[in-house]
Structures are given as structure tokens and as C-alpha cells.
Amino acid sequence: MSVLDLSEQEIFRRQSLEDLRKLGIEPYPQEGFEINTTTEEILANFDPEKKNYQNVSIAGRIMARRIMGKASFCELMDEKGRIQLYFNRDEICPGDDKTLYNEVFKKHLDIGDIIGVKGYAFITQVGEKSIFVKEFKILSKSLRVLPIVKEKDGVVYDAFSDPEQRYRQRYVDLIVNPHIKDVFIKRAKIIETMRQMFNEHGYLEVETPILQPIPGGAAARPFITHHNALNIPLYLRIANELYLKRLIVGGFNGVYEFAKDFRNEGMDRTHNPEFTVMEIYVAYKDYFWMMEFTEKMLQKVALAIHGTTEVPVGDKIINFKPPFRRLTMIDAIKEYAGVDITGMNEQQLREVCKKLDIEVDETFGKGKLIDEIFGETCEEHLIQPTFIIDYPIEMSPLCKRHRKNPELTERFELLVNGKELCNAYTELNDPIDQLERFKEQLRLSEKGDEEAMFIDYDFVRALEYGMPPCAGMGIGIDRLTMIMTNQPSIQDVLFFPQMRPEKKIERDEPAKFIETGVPQEWVEILINNGFTTVSALKNANPNKVHQVICGANKKLKLGLKNPTPEEVRQWIES
RNA sequence: GAUUCAGUAGCUCAGCCGGUAGAGCACAUCCCUUUUAAGGAUGGGGUCCUGGGUUCGAAUCCCAGCUGAAUCACCA
């Protein structure tokens, strides 16, 4: 990296780094730094009358500096919060040599540097709990300038708010917007709460393949990759359902997995190509049992995060207190679209769509038509948690037929805030029916449905050995976190959401320019004026190049002797 | 994929009926012994996203592109 690529401030910081080394101070020391408390504990518990916290050792990042002659204040931020540090020249440097304060502290420390300090807690004249620093140690020098966010009386100044930069450089976001951490702490708590509940029931947490030869268990386009040693294609899983059910065949009564799934589809506020789903399968249960289990689970999660079942989401309050409303899909359509679709055939359903002004495709079968009607007319109304039950059979190839109506399946989805949160079935364990359903999917696929499922013969074989009756449920952890933390976008509940790659500027070494005949003094000027590669220079108009570099020479007052246009032509044509 | 908006200093943004590029914070030098969005003085720092066009002259107007955001559409 050339010095010209650095901002002035970055150059100053690199200079400080050198100066520190010259003073015998290693800016990146090997040894650790013992800490014995946190900013949070001191601020919460320090009491001058008790004379506690008189020997503290803490470490963190410098987030603000106020220097005034012999005394200075810094703000130190650790994982838990910020506390003010008080530096006094004669305390830091008791002898005659004031270098440590005047040079090291005042000149070579910057906002963003990580330091360790030892000292005692006290209260300043203005009444702020602070640390009186007796010693400090540089633990890591920061060479980049942090965006500085200031705050007074709850008003934030110069917030670091550009979403692109926040997501691309999440580490900076977490430093300067520490409240972002809360979302992720809550996310971990949500998962912990669920895991604890499952374990109490005696269910086993398992891991199943992410690289799968057949991407099964859902309808979605997969990511494809290749295994060299076996010379076969492999898919990143779109779901783990079929593997978990194999384990139920194998004799476990309950298995669950927090799984990263991958789908090669669009990205938006509620979709990221990789996302987390929790799936759980419990033997000898049906979907009614699973609804109650799901209600209890969500109630526990809401209580763990909010201490109440009432959760604020946007301008709404969502109440996770069981029991949740249960509504069949047909009744939902009756209620919100005002149409009774009971017993309708495909043609009649098409007419309903037309009447309701719902766009449909020729390839849609009955199931998809009903799903469209439901999606268009009902979803947005289902704000409070609502189980939508008994889906048409065409949409649910892994779900058991309804015990009373063979056109339907024993499936429920839980809708919250107008969005699907959970999906669950009484699982299909009839191997012959399962094979038929897979074959129907194959027909849909041949008809052009890109998301129709593949046939997994090994899974059918497993069912042929016998799977106990079983209920299964999947829940989107990212969406659950969005609801529980009141975040409108999936990007805000993922540390590192998928982004387009950053544009890289191609660049040749200066030596390559010199090889083609460009005098050394002009190389950086060319690079800085957009001719970053030799080939870019070769493709340029010689007159333009001449004008640009002569212009730069004049503008930057470099005092170089301008080359003749003929010389420039030779660089380019050589 | 469609529409709208945005891209100017390290950060937040102003300038946009064309005429030498601005502020606050941050940074540098100096002053200041308890300050707190510390303060005072001085100073440095910009391919005004990129490429074309109009023009004597473009950050500003026009066209195209890139990147991002919002809304909508699509997607179990």
C-alpha cells in the first residue's frame, strides 16, 4: 500500500506507531493484561464511603479524549460499557521524566486505541464516577480512524448510520453503536431458552449434513457445489427435515437441530441466502400436541426476553400468551376473502382468483391457487399469533393426510405480524404414500416448477423400515429474533448479512510502469489520476494522459518538469 | 425485476436557478490542573461515485453506468 492511499490521519497514526517503538514501547504486546472488574460493575457498585474498587485493573478502547494541560480525561469502553478515566501528569510520571504523559499519552494515543489501566475509583468534582489512573499500558494501537459518535442528553450526534458500511464493517458498527450488541445478546438468549426447554423434555440436540447429495425437505432452489474426491455434485441443504426423520426411524424419541439452511433465492428485508432454522421432531405425537408445544415455547421465549408475553413490534403489541387462535385455511379465506372454497375444483379456484384480482400462473395447481388466495387476502390480517391449519395436500408432500378429509393435510403454520414464523406437520410415515407424493413432485418439476422436490429414495427406504407417528416443527430463528427484538430487517439480526462483494480497484506495481518507460516521478501521479494499471494507460488517449498529469503537476504544485506530449506517447506506445 | 431517493473531507451533512469547494466533529501545533457533545487560537485535509454530453466554464444541468437505501413485485 502506498502512502498516498492513506489519509493524513492514518499517516499520523502510523508515525505514532513508529515513535512508540523508538521509545521502547511495543504497541502490540504479546503478554495478556489481567483485568479484575468491568466498567459496568464499577459504575453500579462503587461507593466512596465503602472505599471499594480501590485497586482496579480494566482494559478497553479509548472512545473520547479531553486533554487540558496537566490533567486529562478519557472514556474507556469495554464489553459492558464506558467509564471515564482521569490522567494526571504527575501521577503517571512521578519523577522528572514526563515523557510517558507528554509524549506517549498526549501525542501517541488516539481514539480507538486499546489500553489497560490500573488505578482506583473516585468521583470527580462534577460528580462523575471515574478511574484515577496510576498506570496504563498500550495493548493495541488503532491505525484507522473510527467514526466518532457523540451523545448528550440522549441526543446522538454524527451517528454512524450508513447501512452499507454498518453491515460491511459490522466490527465498526459494534464499536460505535454498542446498543447493536443487545439484539445479538437477545438472539443468543432466545436460542438458549429454546434449547433448555427441549433438553428438559429429554430431546437430543443433533447435527446432520449440510452438504447433501439430494437437497430435500423443502421447496426451494439450492446452492450447488462439487466434491472433487468423489467427483459428484453436492448441495448446501435447504432443510434438514429428512435427516431428522431418519433419526426418528433410528429410535430417538425427540431430536432437534439449530441449522443453517441455504436457499439460492432473492434477498430482501426478510430473506438472507443463509439463515437459521430450528427443526424438532417428536415421536408418538401429532400436530395438535405440537401446537401446544409451540405455544409454550414461544411464551417462554417472550418471558425470557421481555419478562411478559406482550412484545412490541413496530406500532403493534403482539401477545404470546397461549392459547393462540386456531383457524383452518378454508375458514381463514372465508373470513378475510369472503369466499367459501370448500370442495372447489381447479377451474372454480381460478375464477375466484380472477374475481379477487389475484395474479396466477398457468402452471399453478389447486394447492398453489389456494395458497395464493390465502397469501393475498389473509396473511396481512394475522398480526396476533394464529395457527393456520389443514393445508391442501398438493402443497405439503411430507405431511400426513388429514384424518377427516383426504384433500387436506395435518399441517399448521404459525403466523405472527402477518408473516410465517413456524411450519409443522403430523409427519407422513406411510412409505407408499410418501413415494407417490414424491412422484407427484416430479411431475410438477417436469411441468416447470423449479422448486418441486427431488425424490429421495433412501428416505423412502427408511420409512419402509417403519417410522413411528411423529410431529415435526420448524421455526425461523432470524424471523423470531426480528419479532422479539423489534427489528424490521433480517440484516439487523445477522452479524454479517450477505452483501454484494466490495468493488476492488485493480492496480499495478509502480515497477511495471517504470518498465514501460514511465519516469519514476510520474508513476504515482498516473496511478492517482485513474491510470491504475499499465493496460489502462496503454488504452488511454495520449493527449488526455498528457493533459491530466500536467494538470496534476500544476494543481499540486509538484514543481516537476512536464514531459512533452511526444514522450507521453512513447510511454503508451512502447 | 419496477419505481423513488441518495452518493461532496475520517464521520454527519450544507452548497445544486452553472463562475476559485464549506460547516461541525475528528486530526495537527500552541494555551489551559477535574473536564464531559470540554473550551480558546491557528492550521492541514477533497478524482464533489464513474464515464460521456451541453457550456467559455459543471459538485451544480442532461444521458448512461456503478453502489446503496426505501417501497412494491417475485420467492414453502
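Proteins come first, then strands; the chains are lettered A, B, ... in the order of their sequence lines, and each starts at number 1. As the structure is a computational prediction, the values presented were derived from the model and not from experiment.
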Indicate yes or no for a side-chain donor-acceptor contact from A:Thr124 to the backbone of A:Glu128 under 3.5 Å, with no hydrogens or angles considered.
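Looks like yes, one N/O pair under 3.5 Å.
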Scan [X] against the nucleic acid and name what it touches under 4.0 Å (heavy atoms): base, sugar-phosphate only, or nothing.
X: A:Tyr391; value: nothing
X: A:Asp268; value: base
X: A:Arg13; value: nothing
X: A:Lys368; value: sugar-phosphate
X: A:Tyr86; value: base

Side-chain-base donor-acceptor pair under 3.5 Å for A:Gln84 and B:U35
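A donor-acceptor contact between them is present.
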Mark yes or no for a side-chain to base donor-acceptor pair under 3.5 Å between A:Glu128 and B:U36, with no hydrogen or angle criteria applied.
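Such a pair exists between side chain and base.
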Between [N] atom [atom2] and [X] atom [atom1], what is the distance in whole Å?
X: A:Glu379; N: B:A73; atom1: CD; atom2: C1'; value: 15 Å
X: A:Gln125; N: B:A38; atom1: CD; atom2: P; value: 18 Å
X: A:Tyr157; N: B:A37; atom1: OH; atom2: P; value: 9 Å
X: A:Met63; N: B:U36; atom1: CE; atom2: C1'; value: 15 Å
X: A:Ile83; N: B:U36; atom1: CD1; atom2: P; value: 18 Å
X: A:Arg269; N: B:C75; atom1: CZ; atom2: C1'; value: 14 Å
X: A:Asn88; N: B:C32; atom1: CG; atom2: P; value: 15 Å
X: A:Glu380; N: B:C72; atom1: CD; atom2: P; value: 11 Å

According to the Watson-Crick and G-U wobble definitions, with both distances under 3.5 Å, which nucleotide is paired to [N]?
N: B:C27; answer: B:G43
N: B:C17; answer: none
N: B:U3; answer: B:A70
N: B:U60; answer: none
N: B:U54; answer: none

For [N] and [M], measure between their [atom1] atoms and round to the nearest Å.
N: B:C5; M: B:C16; atom1: C1'; answer: 16 Å
N: B:U35; M: B:G39; atom1: P; answer: 13 Å
N: B:C11; M: B:G45; atom1: C1'; answer: 14 Å
N: B:U20; M: B:A59; atom1: P; answer: 10 Å

With sequence neighbours excluded, what pairs up with A:Ile393 under the side-chain contact (heavy atoms from CB on, under 4.5 Å) test?
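If we apply the side-chain contact (heavy atoms from CB on, under 4.5 Å) test to A:Ile393, skipping adjacent residues, the hits are A:Arg401, A:Thr409, A:Arg437.
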Reckon [X] has a side-chain N or O less than 4.0 Å from the OP1 or OP2 of [N]?
X: A:Lys150; N: B:G24; result: no
X: A:Arg168; N: B:G68; result: yes
X: A:Arg66; N: B:U35; result: no

Taking the side chain of [X] as heavy atoms from C-beta outward, which of [options] is closest to it?
X: A:Glu265; options: B:C75, B:U33, B:C32; value: B:C75
X: A:Phe12; options: B:C74, B:C27, B:U35; value: B:C27
X: A:His271; options: B:C27, B:U29, B:C75; value: B:C75

Chi angles and distances behind the ring pair (Phe, Tyr, Trp, His ring centres under 6.0 Å) call for A:Phe412, A:Tyr391:
CA-CA 7 Å; A:Phe412 73 78; A:Tyr391 280 62; 9.2 Å; no
Take the angle between the ring planes of [X] and [Y] and call it parallel below 30°, perpendicular above 60°, tilted in between.
X: A:Tyr120; Y: A:Phe132; value: parallel
X: A:Tyr256; Y: A:Phe258; value: perpendicular
X: A:Tyr53; Y: A:Phe46; value: perpendicular

Atom pair CD/CD1 of A:Glu440 and A:Ile455 - distance to nearest 0.5 Å
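Answer for the CD-CD1 pair, A:Glu440 versus A:Ile455, is 10.5 Å.
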Counting only heavy atoms not in A:Lys106, do more than 12 fall under 6.0 Å of its NZ?
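Yes, NZ of A:Lys106 has more than 12 neighbouring heavy atoms, counting only those of other groups under 6.0 Å.
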Could you say whether A:Gln491 or A:Arg411 is positioned toward the 5' end of RNA chain B, judged by the nucleotide with the nearest heavy atom to each?
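Between the two, 5'-proximity favours A:Gln491.
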What pairs with A:Lys260 under side-chain hydrogen bond (donor to acceptor under 3.5 Å, both in side chains), at least two apart in sequence or on another chain?
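side-chain hydrogen bond (donor to acceptor under 3.5 Å, both in side chains) list for A:Lys260, sorted by chain: A:Glu274.
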Scoring nucleotides 4-11 of chain B by protein non-hydrogen atoms under 4.0 Å (B base, S sugar-phosphate only, - none) yields ------BS
